Peer 1: 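Structure provided below as structure tokens; questions to follow.
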2 protein chains.
Amino acid sequence: MKKVTQTKPLTIGSLSKKTGVNIETIRYYEKIGIMPKPQRSDGGNRLYDEGQFKRLNFIRRSRELGFSLDEIREMLRLVDEKDFTCAEIAAISQHHLDDIKLKIKDLRKIERHMKNMLSQCSRKETPDCAILDILFQN
Amino acid sequence: MKKVTQTKPLTIGSLSKKTGVNIETIRYYEKIGIMPKPQRSDGGNRLYDEGQFKRLNFIRRSRELGFSLDEIREMLRLVDEKDFTCAEIAAISQHHLDDIKLKIKDLRKIERHMKNMLSQCSRKETPDCAILDILFQN
DNA sequence: CTTGTATCTGTAGCGACTACAGATGATAGA
DNA sequence: TCTATCATCTGTAGTCGCTACAGATACAAG
């Protein structure tokens with residue numbers, strides 16, 4: 001008695017609900033080739049399996065971490081070709097982390113400038129403003 | 001003997017050099033209406049005056065601080081109509097600062113996740129990877 | 001006057017979606 | 001079985017803030 005855990009296929013709508021990825025985005029991912037072309041019902045509606053659900057979840061999580069679709073594409077390529085090493089994935093991730101650190105650094109600089117400007121501002125109902133003076137200077 | 005400090009008009013190229021804003025970007029700003037249509041030479045080349053130079057500098061500085069073109073448009077509108085109060089400008093700026101703080105917060109969260117994942121990763125030349133395990137889980 | 005550089009207009013592309021329109025597919029109730 | 005309603009289909013265009021052309025004209029130096 002073989003037990004085949006055949007999960008029933010998901011429509012794009014239910015896949016969308018289960019992953020939190022919007023329907024048009026799923027179709028977009030297919031169009032740009034990071035999601036595979038799924039099976040179709042007789043009428044032509046997309047039907048997704050468990051593997052595709054996992055893949056989309058991977059993409060979503062990676063996007064939430066700020067990976068670009070190109071970085072995700074590259075990771076998925078390595079996975080698909082079953083020809084990756086931990087070192088390779090780590091390199092991509094490390095690069096991305098460095099990127100994020102840089103962004104934080106830039107934003108903190110901007111934050112300081114903004115705070116500084118705002119601290120010089122009277123915030124009164126008067127028609128002159130230290131912020132404008134700073135931004136217009138020179 | 002009147003001394004009229006008539007600064008000679010700038011071509012788009014020299015304006016670009018003086019402000020560090022790229023030529024196509026200057027034309028783009030004109031197209032979307034945050035830079036005014038400048039005078040033209042007999043042949044039709046754009047000629048900018050001191051006020052326009054200052055305006056473009058304002059835009060550049062604001063962009064460097066991460067203001068959106070819509071926020072900049074709004075600030076310039078207030079300035080152009082000479083009908084702004086310091087409080088209004090401060091409100092826009094405060095809103096923008098809040099935005100930046102939020103972005104930093106989000107990025108720091110991502111940074112923590114990334115560090116966490118990378119710390120669990122062997123980074124070895126082996127075909128299995130803790131990072132992928134995490135991203136694919138569920 | 002020629003040569004070379006600057007500028008002109010207009011359009012298309014980027015990334016990562018989102019938002020339609022207008023046509024079908026699927027499904028539940030009468 | 002019919003029908004009403006929803007889901008899904010394809011294809012295109014829009015978003016933001018530029019950037020990159022192509023092909024034509026303007027301008028400045030020698």
Side-chain angles (χ1 to χ4, degrees), chain A residues 8-48 52 55-56 58-76 96 99-100 103 106-107 110, chain B residues 8-48 52 55-56 58-76 96 99-100 103 106-107 110:
Chain A
K8 64 164 183 290
L10 298 161
T11 62
I12 199 167
S14 22
L15 182 64
S16 172
K17 252 170 216 146
K18 277 186 75 171
T19 57
V21 178
N22 180 324
I23 290 177
E24 3 268 305
T25 306
I26 298 174
R27 286 197 287 248
Y28 170 71
Y29 287 165
E30 181 185 331
K31 196 170 118 198
I32 63 164
I34 66 174
M35 280 295 284
K37 299 200 176 201
Q39 271 197 283
R40 298 285 184 138
S41 71
D42 293 350
N45 284 14
R46 290 173 177 79
L47 295 174
Y48 295 93
Q52 289 161 344
R55 191 183 183 88
L56 185 54
F58 172 87
I59 297 170
R60 178 184 56 78
R61 260 186 253 274
S62 303
R63 287 292 300 131
E64 283 169 3
L65 290 173
F67 283 99
S68 73
L69 290 179
D70 266 357
E71 288 169 322
I72 294 170
R73 187 196 304 279
E74 175 63 7
M75 289 196 285
L76 286 170
H96 180 57
D99 222 65
I100 283 160
K103 274 188 190 138
D106 289 349
L107 281 174
I110 290 174
Chain B
K8 65 166 182 285
L10 297 161
T11 63
I12 198 167
S14 22
L15 182 65
S16 172
K17 253 172 215 143
K18 277 187 77 170
T19 56
V21 178
N22 190 317
I23 291 176
E24 3 269 302
T25 306
I26 298 173
R27 285 197 286 246
Y28 171 71
Y29 287 165
E30 181 184 331
K31 196 170 118 198
I32 64 164
I34 65 173
M35 281 293 286
K37 300 201 175 201
Q39 271 198 282
R40 299 285 185 136
S41 70
D42 292 350
N45 284 14
R46 289 172 177 80
L47 295 175
Y48 295 94
Q52 288 160 346
R55 191 182 184 90
L56 185 55
F58 173 87
I59 296 171
R60 178 184 56 77
R61 259 185 255 274
S62 303
R63 287 292 300 132
E64 283 168 3
L65 290 173
F67 283 98
S68 73
L69 290 179
D70 266 358
E71 288 167 325
I72 294 170
R73 186 197 305 280
E74 175 61 7
M75 289 196 286
L76 285 170
H96 181 57
D99 222 67
I100 284 161
K103 274 190 189 138
D106 289 348
L107 281 174
I110 291 174

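Excluded from the calculations below are hydrogen atoms, water molecules and symmetry mates; all remaining heavy atoms, backbone and side chain alike, are included. We name chains A, B, ... by the order of the sequence lines, and we start the count at 1 in each one. All values reported here derive from a predicted model rather than from experimental measurement.
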Peer 1: Take the protein atom CZ of B/Phe67 and the nucleotide atom P of D/dG17, then report the distance between them rounded to whole Å.
Peer 2: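 Interatomic distance, CZ of B/Phe67 to P of D/dG17: 13 Å.
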Peer 1: With a cut-off of less than 4.0 Å, is there a side-chain N or O of B/Asn45 near OP1 or OP2 of C/dA6?
Peer 2: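 Answer no for this pair, as no side-chain N or O of B/Asn45 is under 4.0 Å from OP1 or OP2.
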Peer 1: Quickly work out the A/Leu10 CG to D/dA7 P distance and round it to whole Å.
Peer 2: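 After rounding, the gap between these two atoms is 16 Å.
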Peer 1: To the nearest Å, how far apart are B/Tyr29 OH and D/dC18 C1'?
Peer 2: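 Nearest whole value for this atom pair: 8 Å.
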Peer 1: Can you identify which nucleotide, out of C/dT9, D/dC9, C/dA16, has its nearest atom closest to the B/Arg27 side chain?
Peer 2: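 In terms of side-chain proximity for B/Arg27, the closest of C/dT9, D/dC9, C/dA16 is C/dT9.
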Peer 1: Within this structure, what is the NZ-to-C1' distance between B/Lys31 and C/dA12, rounded to whole angstrom?
Peer 2: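 Going from B/Lys31 (NZ) to C/dA12 (C1'), I get 10 Å.
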Peer 1: Please compare B/Asp42 and B/Ser68 by the position of their nearest nucleotide in DNA chain D and report the one closer to 5'.
Peer 2: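 Result of the comparison: B/Ser68.
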Peer 1: Could you check how far CG of A/Leu47 sits from C1' of D/dC9, rounded to whole Å?
Peer 2: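 Computing the A/Leu47:CG to D/dC9:C1' distance gives 13 Å.
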Peer 1: Between C/dA26, D/dC18, D/dT10, spot the one nearest the side chain of A/Ser41, thanks.
Peer 2: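 Among C/dA26, D/dC18, D/dT10, the one nearest the side chain of A/Ser41 is C/dA26.
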Peer 1: Side-chain N or O of B/Thr11 less than 4.0 angstrom from OP1 or OP2 on D/dC27?
Peer 2: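 No.
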Peer 1: If you check every side-chain atom of B/Tyr28, which of D/dC21, D/dG17, D/dC27 has the closest atom?
Peer 2: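 For the B/Tyr28 side chain, the nearest candidate turns out to be D/dG17.
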Peer 1: What distance separates A/Tyr28 OH from A/Leu69 CG, expressed to the nearest 0.5 Å?
Peer 2: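 Output value for this atom pair is 5.5 Å.
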Peer 1: Once you round it to whole Å, what is the distance between C1' of D/dT25 and CZ of B/Arg46?
Peer 2: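 After rounding, the gap between these two atoms is 14 Å.
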Peer 1: Quickly work out the B/Ile23 CD1 to D/dT19 P distance and round it to whole Å.
Peer 2: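 Roughly 12 Å, once rounded to whole Å.
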Peer 1: Counting N and O atoms only, with roles assigned by atom type, does the side chain of A/Arg60 sit under 3.5 Å from a partner on the main chain of A/Thr19, one being a donor and the other an acceptor?
Peer 2: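 Judged by distance alone, yes, a pair lies under 3.5 Å.
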Peer 1: Tell me which of A/Asn22 and B/Ile12 sits closer to the 5' end of DNA chain C, going by the nucleotide each one is nearest to.
Peer 2: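 Result of the comparison: B/Ile12.
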Peer 1: Heavy atoms, side chains only, cut-off 4.5 Å: are A/Met35 and A/Arg27 in contact?
Peer 2: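 No. Closest side-chain heavy atoms not under 4.5 Å.
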Peer 1: Just to verify, which of A/Leu10, A/Thr25, A/Ile26 counts as forming a side chain to side chain contact (heavy atoms under 4.5 Å, CB included) with A/Leu56?
Peer 2: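 By the side chain to side chain contact (heavy atoms under 4.5 Å, CB included) criterion, A/Leu56 pairs with just one of A/Leu10, A/Thr25, A/Ile26: A/Ile26.
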Peer 1: Without decimals, in angstroms, what is the distance between B/Glu24 CD and C/dT11 C1'?
Peer 2: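 One finds 13 Å between C1' of C/dT11 and CD of B/Glu24, rounded.
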Peer 1: Counting side-chain heavy atoms from C-beta on, which of D/dC9, C/dC17, D/dG17 comes nearest to A/Arg40?
Peer 2: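 Output: D/dC9.
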Peer 1: Within the structure, does a side-chain N or O atom of A/Thr25 lie under 4.0 Å from either OP1 or OP2 of C/dT18?
Peer 2: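 Answer yes for this pair, as a side-chain N or O of A/Thr25 is under 4.0 Å from OP1 or OP2.
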Peer 1: So, does B/Arg60 get its side chain near the phosphate of D/dG17, meaning an N or O under 4.0 Å from OP1 or OP2?
Peer 2: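 Checking B/Arg60 against D/dG17: no side-chain N or O falls below 4.0 Å of OP1 or OP2.
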Peer 1: Hey, does A/Ser68 have a side-chain heavy atom less than 4.5 Å from the side chain of A/His96?
Peer 2: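 No - every pair of side-chain heavy atoms lies 4.5 Å or more apart.
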